[in-house]
J.: 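I'd like to ask some things about the structure below.
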Amino acid sequence: MTDASAPAPRAASAPVLVVGDDRAPRTGGAAPGSGPRPDDDLLEGLNPQQREAVTYRGPALLIVAGAGSGKTSVLTRRVASLLRTREAWPSQILAITFTNKAAGEMRERVGQLIGESARGMWISTFHSACVRILRREAAQFGFTTSFTIYDSGDSRALIKRLVKEHEADAYGLTPAATQGRISKLKNELADAESYARSANMSDPAERVFVEVFSAYQRELQRANAFDFDDLIGQTVFLFRAFPHVADVYRRRFRHIMVDEYQDTNHAQYALIHELTRPVSSGGGDEYADSGMMIFDAPAADAPEPASLTVVGDSDQSIYAFRGADIRNIAEFEKDYPGAKVVLLEQNYRSTQNILSAANAVISHNFDRKDKKLWTDVGAGEPIVGFTGYSQHDEAQFIADEIETLHRAGVDYNQIAVFYRTNSQSRALEEIFIRAAVPYKIMGGTKFYERAEIKDALAYLVAIANPADEMALRRIINRPRRGIGDVTIETIARYAQSEQITFRDALANASAIGVGPKIQQAISRLDAVLAEAAEIMLPASGELAPPTAVAEGLQLLLNKSGYYDALRASKDPQDEARVENLDELVAVTREFARNNPEGTLLDFLTEVALVSDADDLEDASGSVSLMTLHTAKGLEYDAVFLTGVEEDLIPHRISAGEPGGPQEERRLFYVGITRARKRLYLSLAMTRAQFGEVTVAMPSRFLQEIPSDLLEWRQSPGDVNSRRGTQSRALNARRPGGGSGFGTGKRYGDDLVPLAKRSPSGSGGSIDKFANRIPAKVRDNGDLELAQGDRIRHDDFGEGRVDAVTGEGAKRVAHVRFDGAGMKKLLIKIAPITKL
DNA sequence: AGGGCCCCCATTTTT
DNA sequence: TGGGGGCCCT
């Protein structure tokens with residue numbers, strides 16, 4: 001591959017956009033009649049639409065990429081093609097994704113296609129790209145290059161303090177609500193001032209909110225910090241306020257690509273818009289001559305605006321609740337007149353049955369461009385439906401089915417279970433543990449949100465950005481040094497009166513006006529911070545060695561007494577905290593290996609911007625459990641979509657929100673389209689929530705699936721009829737796969753989907769599966785079982801042990817039950833007795 | 001300053 | 001049902 005690639009253009013050579021006029025679209029296929037293109041091999045195996053998406057050249061291109069239509073492949077080949085044909089230098093390409101994981105994948109795949117010549121591209125998230133820009137330009141507007149980034153926890157802590165100071169809670173402003181409103185406004189590029197102009201300022205609650213908002217912004221600036229929303233918003237502000245700065249980037253980025261465009265919010269949209277505007281200043285601008293010209297991009301005079309490629313699927317827009325604006329993609333052609341649109345509808349992931357179900361469901365959303373996924377791999381298995389009596393019954397069915405699949409040769413890590421809300425995972429876990437189904441919950445781990453990790457990072461921030469008072473306040477009494485709120489305020493007042501920073505105040509402990517014991521504690525902290533700073537940011541001006549961050553962190557944790565305090569504690573959790581901190585130290589080492597030039601600031605940036613959700617596919621050998629939102633972008637051979645009930649999906653809260661039910665339908669659609677070969681839709685008739693059992697109704701989405709695609713192992717009708725209720729109404733008719741639904745009609749008996757009753761139902765009597773799972777996991781101690789033993793199980797009745805595998809607490813009995821078939825049971829906790 | 005108790009509340013989440 | 005936050009008591 002690499003050999004075939006064109007040599008990277010030499011930096012000295014003239015910066016030419018090689019293949020003809022880049023405004024003249026060269027459409028379609030494989031360059032008819034003009035001999036082999038240098039990117040021919042990149043088009044191999046692509047369908048005509050995909051080829052077009054790779055080869056089209058013009059100012060604006062929208063690739064409407066249905067689920068599983070090979071979007072990533074197209075995008076990476078498009079980038080590779082631009083480089084291979086020498087239409088662009090790597091440095092002229094900016095590719096934006098939403099997650100670091102997606103960015104990493106893309107970088108890797110482009111690298112595979114064209115090798116080293118891919119270096120120098122910006123492939124990053126919106127936030128990382130903005131950080132890079134802001135670091136270079138921060139000095140333009142009152143920040144320094146060593147600014148830090150507040151995550152949502154940091155910003156909530158700050159807002160909480162401000163809400164308290166302004167007594168805003170008296171007006172019903174909770175920290176969470178305030179944070180939400182501020183974030184929303186920032187996503188709309190509003191600031192406190194502009195909001196105040198449009199708000200009803202005679203309302204005291206509004207006035208207080210505006211006060212808190214502007215105080216928050218002041219504090220951020222004072223701390224030399226940006227929150228997540230600011231990273232985008234302030235970059236837009238920068239571009240608008242300083243056109244000559246924006247021009248630098250407009251000249252540099254000739255080709256901009258944005259993935260998951262349907263998820264962009266207004267600020268992100270505006271950012272892209274700024275970057276694709278014509279260069280405003282004429283030739284040789286003073287900015288470039290002032291020694292600030294950091295790019296190797298050639299300074300051609302007034303080049304064309306950058307060409308923009310966006311990829312997305314409005315049917316997969318599921319993040320409106322956090323500001324994503326579907327109009328950005330829906331109105332792309334209006335925003336960029338003359339834009340080319342390419343539709344990718346051929347699906348390379350799922351069977352036709354699954355796609356037909358997905359198409360049918362999503363077609364109930366009005367106001368959408370029609371798009372139908374299709375495949376040539378054939379119908380495949382029917383979709384399987386199951387209705388449990390309870391969530392545990394539902395979970396048991398899933399566990400059984402997973403075992404059946406596994407025995408049939410499906411890897412556990414090719415199986416996923418989705419749910420709408422996190423709380424639904426509990427019942428699944430309980431059953432999976434008992435059934436010895438190996439599983440992993442995805443997206444739940446929040447390593448960087450643990451208190452001890454945040455503390456450790458606050459120590460680092462305190463050194464990297466001494467202006468960040470929040471970080472100092474966080475660590476000043478951790479471990480306990482006897483410095484309480486009163487002392488902190490005393491220090492703050494002293495700092496203010498002396499016109500110095502909080503950090504510098506710590507160096508004058510004796511002058512602050514606190515007792516000798518506290519003075520000593522402050523001085524000791526000051527000394528530790530100074531010592532660590534000398535390691536990580538040597539005052540002598542020399543470069544810190546790559547290991548400096550790791551060393552500095554260890555020094556901080558040791559000499560601050562943080563480690564000691566945890567080790568001395570008798571709280572058993574503190575042991576785990578030490579381990580977590582060790583893990584963090586390991587992360588810094590890893591960082592040093594990967595980034596020999598990496599500074600403390602680089603490390604902190606990476607940590608702030610890179611979540612641990614990025615190692616999503618670490619589930620080797622386990623079934624993956626996750627929310628539907630987390631599932632986006634992933635695919636599995638077998639998918640279980642659980643809790644398909646009214647009030648869950650669509651979620652009850654969505655009913656009141658404009659566009660809510662439609663977004664829920666898209667969420668359901670996303671879930672369906674994750675499945676390659678097998679799809680299971682399951683629900684329960686009763687569900688225990690908030691401590692009480694409620695009766696659940698089948699989701700309206702179920703009946704949007706044509707009945708011939710769905711084979712019920714146990715339909716809602718079966719379950720109800722055994723209870724002797726509703727059976728008539730249920731069996732009376734089957735609503736057609738139908739049209740004209742989607743009004744906010746309430747469900748009722750007439751919406752309960754019907755079922756083809758399959759005789760092979762796994763259920764026996766109601767009592768067998770009634771909600772019998774005890775809250776506590778039992779413990780059989782070291783119950784010994786051997787092949788041939790007869791046992792009795794609370795749910796499954798009697799059976800014979802076929803085999804015992806595993807060791808210790810993880811011993812698993814493979815039992816053939818007389819009534820319930822083969823099961824795997826974790827001997828330690830299964831509700832079994834030896835007979 | 002810290003521990004314990006009580007009350008309230010309860011989608012989805014990346015950066 | 002369960003977790004987190006706030007308040008009160010020691």
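Letters A, B, ... mirror the listed sequences (proteins, then strands); counts begin at 1.
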J.: Return the CG to CZ distance between A/Asp647 and A/Arg687, rounded to the nearest 0.5 Å.
T.: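 That separation rounds to 11.0 Å.
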J.: Mind calculating the distance between CZ (A/Arg652) and C1' (B/dT12) to the nearest angstrom?
T.: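 The distance from CZ of A/Arg652 to C1' of B/dT12 comes to 15 Å, rounded to the nearest Å.
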J.: With 3.5 Å as the limit, what N/O pairs link the protein to nucleotides 6-10 of chain C?
T.:
none

J.: Is there side-chain contact between A/Val587 and A/Phe603, with heavy atoms separated by less than 4.5 Å?
T.: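 Heavy-atom side-chain distance check passes, below 4.5 Å.
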J.: Heavy atoms only, 4.0 Å cut-off, all strands: where does A/Ile483 land among base, sugar-phosphate and nothing?
T.: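 Sugar-phosphate contact only.
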J.: Looking at SG of A/Cys130 and CD of A/Gln268, how far apart are the two atoms once the value is rounded to the nearest 0.5 Å?
T.: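 A/Cys130 atom SG to A/Gln268 atom CD measures 8.0 Å (nearest 0.5 Å).
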J.: When rounded to the nearest Å, what value does the distance between C1' atoms of B/dT14 and C/dG3 take?
T.: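 These two C1' atoms come out 24 Å apart once rounded.
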J.: The side chain of A/Asn477 lies closest to which of these nucleotides: B/dA1, B/dT15, B/dT12?
T.: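 Between B/dA1, B/dT15, B/dT12, the one nearest the side chain of A/Asn477 would be B/dA1.
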J.: Within the sub-3.5 Å range, which N or O atoms of nucleotides 4-11 of chain B have a protein N or O partner, and how far apart are they?
T.:
from, atom 1, to, atom 2, distance (Å)
B/dT11, O4, A/Glu657, OE1, 3.3
B/dT11, O4, A/Glu657, OE2, 3.0

J.: Write down the distance between CD1 (A/Ile149) and P (B/dT14), rounded to a whole number of angstrom.
T.: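 So the CD1-P distance, A/Ile149 to B/dT14, works out to 17 Å.
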J.: Based on the glycosidic angle (syn within 90° of 0, else anti), state the conformation of B/dT11.
T.: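 Base orientation relative to the sugar is syn.
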J.: Salt bridge or not between A/Lys632 and A/Asp263? Use side-chain N to carboxylate O under 4.0 Å.
T.: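 So A/Lys632 pairs with A/Asp263 through a salt bridge.
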J.: Need one value for A/Ser423: base, sugar-phosphate or nothing, where a base atom within 4.0 Å counts as base even if backbone is also close, heavy atoms only.
T.: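 Contact class for A/Ser423: none.
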J.: Take atom C1' in B/dT12 and the same atom in C/dG5, then report the distance between them in whole Å.
T.: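 About 23 Å, rounded to a whole number of Å.
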J.: Salt bridge between A/Lys71 and A/Asp259, side-chain N to carboxylate O under 4.0 Å?
T.: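 Yes.
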J.: NA contact type, A/Tyr319, heavy-atom cut-off 4.0 Å: base, sugar-phosphate, or nothing?
T.: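 Sugar-phosphate, no base atom in range.
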J.: Mind checking whether A/Glu260 and A/Gln262 have side chains closer than 4.5 Å, heavy atoms only?
T.: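 Answer yes - side chains close enough.
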J.: Would you mind checking if A/Arg426 and A/Glu429 are paired as a salt bridge, meaning a charged N to carboxylate O distance below 4.0 Å?
T.: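 Looking at A/Arg426 together with A/Glu429, the answer is no, because their closest N to O distance does not fall below 4.0 Å.
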J.: On DNA chain B, does the nearest nucleotide to A/Thr487 precede the nearest nucleotide to A/Thr627 from the 5' side, or the other way round? Give the residue.
T.: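 First, find each residue's nearest nucleotide; the 5'-ward one identifies A/Thr487.
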J.: Tell me yes or no: between the side chains of A/Gln391 and A/Tyr419, is some donor less than 3.5 Å from an acceptor?
T.: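 Side-chain D/A pair, A/Gln391 to A/Tyr419: absent.
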J.: If the threshold is 4.0 Å, N to carboxylate O, is there a salt bridge linking A/Lys454 and A/Asp154?
T.: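 Judged by the 4.0 Å cut-off on N to carboxylate O distance, A/Lys454 and A/Asp154 do form a salt bridge.
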J.: Does A/Ser128 put a side-chain nitrogen or oxygen below 4.0 Å from OP1 or OP2 of B/dT15?
T.: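 No, outside the criterion.
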J.: Could you check how far CZ of A/Phe228 sits from C1' of B/dT14, rounded to whole Å?
T.: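 Atom-to-atom, A/Phe228 to B/dT14, this comes out as 8 Å.
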J.: Send over the distance from A/Met442 CE to B/dT12 P, rounded to a whole Å.
T.: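 In whole Å, B/dT12 P lies 17 Å from A/Met442 CE.
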